[in-house]
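Keep in mind it's a predicted model, so treat the numbers as computed, not measured.
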Amino acid sequence: MSKHSAPGASRPAPSKPNFLTKIKSASCFNSPSPDCGKGRSKSSGRKTSHGFHLVEGKSGHDMEDYHVAEYRKKKNHELGLFAIFDGHLGDRVPTYLKDNLFNNILDEQNFFKDPAIAIKNAYCSTDKFILENSMQLGPGGSTAVTAIVIDGTDLWVANVGDSRAVAFERGAANQLTVDHEPHSERKRIEKQGGFVTILPGDVPRVNGQLAVARAFGDQSLKAHLSSEPDVRHVPIDPTIEFVILASDGLWKVMKNQEAVDFVKSIRDPQAAAKRLTSEALARKSKDDISCIVIRFG
């Protein structure tokens with residue numbers, strides 16, 4: 001992710017894989033791979049299937065995107081858990097989120113009674129832990145978009161930052177999340193003692209550094225950042241065919257409607273996710289590109 005401006009020494013270039021490794025990775029031939037895969041629910045209700053594909057960008061740093069795509073049983077419910085974490089200034093914070101955020105959400109006692117409150121509380125407590133352990137986790141941070149499918153009938157989506165969830169509903173794109181851009185939260189940032197820079201040829205940045213107004217971590221900017229997620233509940237009915245979760249490496253070069261149109265005829269969600277990342281690369285996206293496609297029915 002290139003959320004931060006880049007003062008100081010540049011990072012060492014990642015080692016280059018050989019040609020055969022590149023071909024295998026791009027095609028998912030070396031499955032199981034952390035960068036691509038698929039799965040499906042096992043419940044007897046409305047079926048859920050998913051596929052994912054992640055591609056390292058060309059920004060000169062190692063991969064900082066991570067994902068979750070799995071199913072769990074809890075209190076006689078089947079939960080589909082999906083997330084994309086887009087890190088900046090290193091991969092320790094998104095790695096921690098990948099391993100712990102859903103555990104923190106599901107450990108909330110009121111999750112099944114009030115998922116929205118449980119998700120907000122877990123985002124807050126997770127961010128607090130990251131800040132308190134910055135010596136181990138580093139000074140960086142991460143955006144997040146999470147989706148929880150309950151029994152194939154209810155979808156709970158939350159996010160901080162600009163990783164996005166878009167549904168294909170009634171033949172059109174429906175953005176389910178809010179992009180937390182600095183200019184849209186300028187009043188809050190300034191009230192908290194920060195500022196937003198808008199320089200020619202650059203995106204708006206908090207204190208001239210971070211290109212999102214909400215994120216996990218980022219201790220040096222936390223006085224002016226929020227980790228409170230936007231949370232949305234979406235009943236899953238036959239009008240919703242699929243949902244795309246993706247980092248901004250996709251959304252920087254593709255509009256919501258373009259994305260759903262590209263994959264609406266592709267039934268295999270892994271093939272759909274790969275099609276989207278390939279198109280983003282063809283459009284010269286240089287950021288890490290991560291995509292999960294969740295199909296219903």
Side-chain angles (χ1 to χ4, degrees), residues 1-12 14 34 54 56 59 61-70 72 74 81-111 115-148 158-163 180 182 185 188-189 192-194 205-231 245 247-248 288 290:
M1 170 191 268
S2 55
K3 297 298 179 204
H4 269 279
S5 55
S10 61
R11 307 181 188 194
L54 289 77
E56 185 176 320
S59 299
H61 59 73
D62 290 342
M63 183 68 159
E64 293 177 333
D65 281 12
Y66 287 82
H67 82 287
V68 175
E70 63 181 65
R72 294 188 198 175
K74 190 174 181 69
L81 306 176
F82 308 97
I84 287 175
F85 304 113
D86 187 353
H88 39 270
L89 293 182
D91 64 356
R92 291 184 182 180
V93 171
T95 300
Y96 173 80
L97 292 169
K98 173 182 73 72
D99 293 336
N100 294 280
L101 181 56
F102 280 121
N103 290 337
N104 296 343
I105 292 173
L106 299 181
D107 283 346
E108 289 283 328
Q109 292 184 351
N110 64 340
F111 174 74
I117 294 298
I119 291 168
K120 287 184 178 181
N121 288 345
Y123 267 62
C124 179
S125 62
T126 300
D127 187 58
K128 182 179 179 181
F129 181 90
I130 290 170
L131 296 174
E132 290 174 346
N133 292 273
S134 60
M135 290 293 291
Q136 292 77 31
L137 295 175
S142 179
T143 70
V145 58
T146 58
I148 302 176
N159 80 300
V160 289
D162 55 4
S163 292
H180 298 130
E185 300 194 27
R188 175 188 62 76
I189 293 166
Q192 294 174 331
R205 294 181 182 273
V206 178
N207 293 5
Q209 298 178 59
L210 191 64
V212 289
R214 302 190 195 189
F216 286 103
D218 288 296
Q219 186 176 48
S220 65
L221 295 171
K222 205 63 199 189
H224 313 133
L225 295 179
S226 172
S227 61
E228 181 178 353
D230 277 293
V231 181
L245 306 183
S247 60
D248 67 329
D288 298 334
S290 301

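Using a 4.5 Å heavy-atom threshold, the side chains of Leu210 and His224 count as separate. Here the side chains of Glu108 and Ile117 are not in contact, with every heavy-atom distance at 4.5 Å or above. With a 4.5 Å cut-off on side-chain heavy atoms, Leu97 and Ile130 count as touching. Between Phe102 and Ile105 there is a side-chain heavy-atom pair separated by less than 4.5 Å. Counting only heavy atoms from C-beta outward, the side chains of Leu106 and Leu81 approach each other to under 4.5 Å. In this structure the side chain of Phe129 never reaches within 4.5 angstrom of the side chain of Asn100, judged on heavy atoms. Under the 4.5 Å side-chain criterion, counting only non-hydrogen atoms from C-beta, Leu101 is in contact with Tyr123. At least one side-chain heavy atom of Gln219 sits less than 4.5 Å from a side-chain heavy atom of Ser134.
Between the side chain of Glu64 and the backbone N or O of Asp86, no donor-acceptor pair lies under 3.5 Å. A donor-acceptor contact shorter than 3.5 Å is absent between the side chain of Lys120 and the backbone of Pro229.
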Decide yes or no on side chain to side chain contact (heavy atoms under 4.5 Å, CB included) for His180 and Thr143, but give the supporting numbers first. CA-CA 10 Å; His180 298 130; Thr143 70; over 6 Å; no
Yes or no on side chain to side chain contact (heavy atoms under 4.5 Å, CB included) for Asn103 and Arg72, after CA distance, side-chain angles and deciding distance? CA-CA 11 Å; Asn103 290 337; Arg72 294 188 198 175; 2.9 Å; yes
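Ser142 and Tyr66 are not linked by any side-chain donor-acceptor pair at a separation below 3.5 angstrom, with hydrogens and angles left out of the test. Residues Asn133 and Arg92 bring no donor and acceptor atom of their side chains to less than 3.5 Å of each other.
Remark: of the listed residues Pro94, Ser163, Ser247, Ser247 is the sole one forming a side-chain contact (heavy atoms from CB on, under 4.5 Å) with Asp65.
Expressed to the nearest 0.5 Å, how far OG of Ser226 lies from CD of Gln192 amounts to 7.5 Å.
Residues passing the salt bridge (Lys or Arg N to Asp or Glu O under 4.0 Å) test with Glu185, sequence neighbours excluded: Arg188, Arg214.
Taking the six-membered ring where the residue is Trp, the centroids of Phe85 and Phe216 are separated by 6.0 Å or more.
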